[in-house]
Amino acid sequence: MSLVMIGLEIHAQVTALKSKLFCSCRGNYRDFKPNTNICATCSGLPGTLPVINRKAIEYSAMISIALGCKVPNKVMFYRKNYFYPDLPKNFQITQYNVYGFSSIGVEGIFELDDLKKIRISRIQLEEDPGRIAYVDSGMNVTNSALIDYNRAGVALIEIVTEPEFTNPKEVRLFLNKLSLTLQHLGVCDTLLEGSVRCDANVSLKGGNKVEIKNINSFKEVEKAINYEITRQSSMYNRNIKVEFETRHWDDRKKITFKARSKEEEHDYRYFPEPDIPVIVLGDGFVSNIKDLMPELPLQRFNRFVSKYKLSEHTSNILINDKKLADFFESILKIHFSPVEIANFLITDFKSLIEDDVENIDYLTNMKVKPEHIGELVKMIEENKISRITAKDILIKIFDSGKLPSEIANSTNSFKISDEKILIDAVESVFNTEKSAVEDAQTNHEAINFLLGKVMKFTKGRADPKIAMRLINTRLNKAGT
Amino acid sequence: MISKVDLAHLAQISKIDLSEEEIEKFPMQLERTIEYIDVLEELSSDDSIDLDLQEIKFDQLRDDLIKNADGERISKNLTEDGYLKGPKMK
Amino acid sequence: MSNLYDLLASEVVDGIKEGLFTTEEYVCSVIKRIEDVESKLHSFISLDSEGAVSSAKLIDRKLREKEKIGPLCGIIVGIKDNISTKNIKTTCASKMLEDYIPPYDATVVRHMKENGAIIMGKLNLDEFGMGSTTEYSRYGPTHNPWNLDYVPGGSSGGCGAAVASGECTVSLGSDTGGSIRCPASFCSVVGLKPTYGKVSRYGLISYANSLEQIGPICRSVKDIVMIMNVISGKDMNDNTTIPSSSITINGKTKKLNVAILKELIDSCDGSVKKTIYSTAEKFKEIGCEYSEISIKNLNYALPSYYTLASAEASSNLSRYDNIRYGFDLPIDDYKWEQYFSTVRKNFGEEVKRRILIGSYVLSSGYYSKYYLKARRLRSLLRLELLTLFKQYDLFIGPTMPILPFKFGEKIDDPIKMYLVDINTVIANLASIPAVSLPVGFSNGLPIGLQMMAAPFEEQKLIDASYALENTINIRRRPNLT
Ligand SMILES: [Zn+2]
């Protein structure tokens, strides 16, 4: 038995859906005034019935398949009964596998790396509760909670892993890969505020499991687990028994704290949801979904390596940012030069972006379009501009959205290969750098120094090969 | 046998405060009902019996379309800024 | 012509369309009738006479302007008060929904309105449909129009009494374990519980979703058909609905194979038994054969029914926490759990018992012992019945094992009360259609014949009912003066 055992329960909203899981209100509840994105059904009015969204089944099946799960032929919904003010019906419609497999995904295997696989116990489709917007606390007592049902009924995926992570790094690796997979499927935007939540259970040395709830972003998960491991180890060191308990993650103080014991006594009284018949997916379902599925990260990686002859390193960088990879491929449609373009993107292009990493959606909002990069790389390849100039032009595209050729023209950035102009430049350098010219007769290093001066003189636009030839010719002349 | 403790637990998970009278009367009445339904135990628990639940085909499910609900709103306990006012959490 | 309020739905529609009387005249006649008898019966929880009159005027105007009105033109419908009606209070006879005004119409209500029916008001029931007498209504019981000291049956007791006494043309009730057929039998009117999935439940305030259906209670078989053809069909708001064909009244009955269910007739009261057997003989007059058969799994039907119904109810009724709808109790000073528990005291005793039993049978450790077993019995029973339906067209027997009884007789003993549902729950468990048809009286109290058919074979029920209705001559109207 390993020292640390960690299991995860991840909730992710299926943000690609237009409507909620059981009614036709908007799935994107953000930016609505409280309780305005609701109808009789999602606000739990008497007599309403859940009407299930077909696309929600489709998308959650995609996720299940992508995470290596089996999709049962018949899918069922259950009621999970518990009272809470954010639950309009005081029960949640979810899925449950205790009386036979009937959730959208079961028994999955997800590869972390060549050595480690994590088993996925199940994937469930369920409804998100509403939100309690303000909970009174402290001195300034408001004698009420403020409830907003705009989110109630939004489709949510719950992914439950076996407790098979042995350190927080594996957890991070898993969450990164998971995010990437969800990103590539295009069904869950994990970057949207409040779209993912995570619970983690942590046990040490085969001791009691401690459940950490309320981790509101993937970034915080590793911190919460680290905190919990430290807390539990110090208890072991002091011979204090770790109790089976539920703790909450406080993301301001960065600590876990014990939940009130009552919350652990839930008896959820699951039973099949009578208002939703058993959904028969049919024989061709899984293969149909597979046909609809976008390419997954691993497949795309392999394709980049084999079809575009990119290095594994380059491919990885591109794949790890789905929008960048998409951008890359749309440039190829304009100018097919995969290696050059990929290299340009991951070096010059990314170096400009990384100053501004907070702007996560840079690729959708920026003025740089595939045509720009296509033309720019083509200009480098055709030796019309230098790499250094290319980067300067790129900065100008970011600002103006103008075409590279237009910028190069207006700023006189094209390479100078006109020998007349270059001879003048060499002549001028030879006149000012007399001692270097003398050295150069014997010392090869000094020739490079002269070339540098010529480049500087032409503001980097001189074609270095031609300039070098002219310098050598001029030296020979001077020597005789 | 349904004890007062059992009853208290059931009342707690059902979120119903019981009156003194009900606490006296209910255990006996519930016990009789449970005895009555206990005959179900005689039934075979053969798992092979299909539960015969109603079924619906995947392609008959609703399309993912947005419809605006007009007037189907909550009218009670709303604050000025539109929140539903519920009892305090702590 | 006697009183307008006495007319059947088909007669009302014809009368209005032929210009014998106006819709307004008809509606006023019914309102007058309500004024005369409602104080004795207490069928309604809320009345909307004004709304009914203005709807009538609107229909009359449209008719004058040659606009088309649907097939229910001008008939008056009473709606059981657990079916949502837009802008009309819908209480479920519970304190928990005292002031609740739904912002939407149930699908059936929408259909009724669109086809020309006029809503007169909301009819009494046992709280949330849980009961067989209306004694569990928060607003007091409804009285049986045939003898005011007796219960009208339940839970749709208001529907039975109002239709029998001419307070409305037809009514819509709901039937979870017999709630349409029981009052139909006790009040001597016709009540149909459709096949599960034939009629949309959208807007029906759930008691036990997997068992219940909305259905009509009327004074004639023909009226039942008129209503059914308007309310049934696939509804995009209810995933459990299934498209089905319409039904018709055709004078000729095909030869039907009829089976008397032995267990049901053996266990009923002597006077009921006598009437049912003599009705069985009438089947011969309409050209049908009958024989007696036994059903194996019947002993478990009622325990299974109460397990499933209570389980579903306990969950369905969780939403009544008094925050979005309910009565006036300020939330200040309560912690949410205290508030929920305090307000939920206000369910009636029977509702509380069923919630507690439901929580019990679903709680961990008991699920397989009760819920799963009950569900299995349901499948077994359905399978057994479907097999028998290959041989027989109809199962018949008494709707109720006893005659209507006096108020207070069974209210103190839940099990005694549950036992009166023993004949009716079968159809709900098996999801099959069943009708109760008035077939006689004993000591002035009505007796109903129950007929069940295979899923979506409502036509067979209607054929047999229509033929019997024309053969059996019984008094049709209670004396309430
Ligand atoms: Zn909604």
Side-chain angles (χ1 to χ4, degrees), chain B residues 2 6-7 9-19 21-22 25-56 60-63 67 69-78 84-90, chain C residues 99 101 103-104 196-197 210 236 239-240 299-300 302-304 306-307 310 314 318 321 323-326 331-342 344-345 347 349 352-353 355-361 363 368-370 372-380 382-383 413-415 418 431:
Chain B
I2 294 233
D6 297 335
L7 181 67
H9 172 71
L10 289 176
Q12 199 268 325
I13 59 173
S14 311
K15 294 273 179 289
I16 297 177
D17 276 351
L18 297 176
S19 67
E21 192 201 337
E22 286 165 340
K25 189 164 74 176
F26 277 6
M28 193 58 191
Q29 287 179 334
L30 298 189
E31 182 57 30
R32 284 200 55 206
T33 308
I34 288 161
E35 272 171 21
Y36 183 67
I37 62 175
D38 264 340
V39 315
L40 289 172
E41 279 198 273
E42 297 167 11
L43 275 175
S44 129
S45 49
D46 183 358
D47 287 343
S48 68
I49 299 167
D50 191 14
L51 275 196
D52 193 26
L53 300 166
Q54 199 190 355
E55 294 183 346
I56 187 167
Q60 290 170 0
L61 302 178
R62 163 174 80 82
D63 291 335
K67 254 191 288 172
D70 35 55
E72 295 182 5
R73 297 278 159 81
I74 302 164
S75 50
K76 197 178 166 236
N77 278 334
L78 282 188
L84 179 65
K85 202 172 139 192
K88 59 187 173 188
M89 300 303 295
K90 280 176 190 156
Chain C
D99 293 324
I101 298 170
Y104 72 101
Y196 189 81
S210 76
M236 278 316 286
N239 269 162
T240 64
N299 275 348
Y300 305 108
L302 202 55
S304 162
Y306 274 96
T307 303
S310 305
S314 73
S318 291
D321 54 25
I323 296 182
R324 288 145 295 166
Y325 30 79
I331 52 154
D332 305 314
D333 306 325
Y334 287 99
K335 207 182 146 265
W336 72 270
E337 285 152 308
Q338 289 170 336
Y339 186 76
F340 282 17
S341 302
T342 302
R344 288 167 60 80
K345 275 199 288 215
F347 282 121
E349 252 189 35
K352 281 189 262 190
R353 274 194 292 265
I355 291 176
L356 294 170
I357 289 287
S359 292
Y360 180 85
V361 298
S363 53
S368 321
K369 187 174 170 187
Y370 296 108
L372 220 48
K373 284 265 171 87
R375 201 77 224 208
R376 191 158 287 140
L377 177 277
R378 205 179 158 177
S379 306
L380 284 174
R382 180 173 159 90
L383 199 67
D413 187 343
I415 294 286
Y418 299 167
S431 309

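Residue numbers begin at 1 in each chain, while the letters A, B, ... track the order of the sequences.
- When each of B:Leu18, B:Asn77, B:Leu40 is scored by its heavy-atom pairs under 4.5 Å with chain C, the top score falls to B:Leu40.
- Taking CG of C:Leu356 as the start and CG of B:Asp6 as the end, the distance is 11.5 Å to the nearest 0.5 Å.
- Of all the listed residues (C:Arg382, C:Met236, C:Gln338), the one sharing the greatest number of non-hydrogen pairs under 4.5 Å with chain B is C:Arg382.
- A search for side-chain hydrogen bond (donor to acceptor under 3.5 Å, both in side chains) contacts involving C:Arg324 returns C:Asp321, not counting sequence neighbours.
- Top candidate by heavy-atom pairs under 4.5 Å with chain C, chosen from B:Arg62, B:Gln60, B:Glu22, is B:Glu22.
- In this view, C:Thr240 and C:Arg201, C:Asp238 satisfy the side-chain hydrogen bond (donor to acceptor under 3.5 Å, both in side chains) rule, not counting sequence neighbours.
- Looking at B:Leu84, the atoms closer than 4.5 Å to chain C (heavy atoms on both sides) all sit in the side chain, from C-beta outward.
- Ranked by heavy-atom pairs shorter than 4.5 Å toward chain B, the options C:Tyr360, C:Tyr325, C:Phe340, C:Tyr418 are led by C:Tyr360.
- For B:Phe26, the part lying under 4.5 angstrom from a heavy atom of chain C is the side chain only.
- Rounded to the nearest 0.5 Å, atoms OG (C:Ser304) and CG (B:Leu43) are 8.0 Å apart.
- Between C:Arg353 and C:Ser310 the shortest side-chain heavy-atom distance does not fall below 4.5 Å.
- By number of non-hydrogen pairs under 4.5 angstrom with chain B, the leading residue of C:Tyr334, C:Phe347, C:Tyr339, C:Tyr300 is C:Tyr300.
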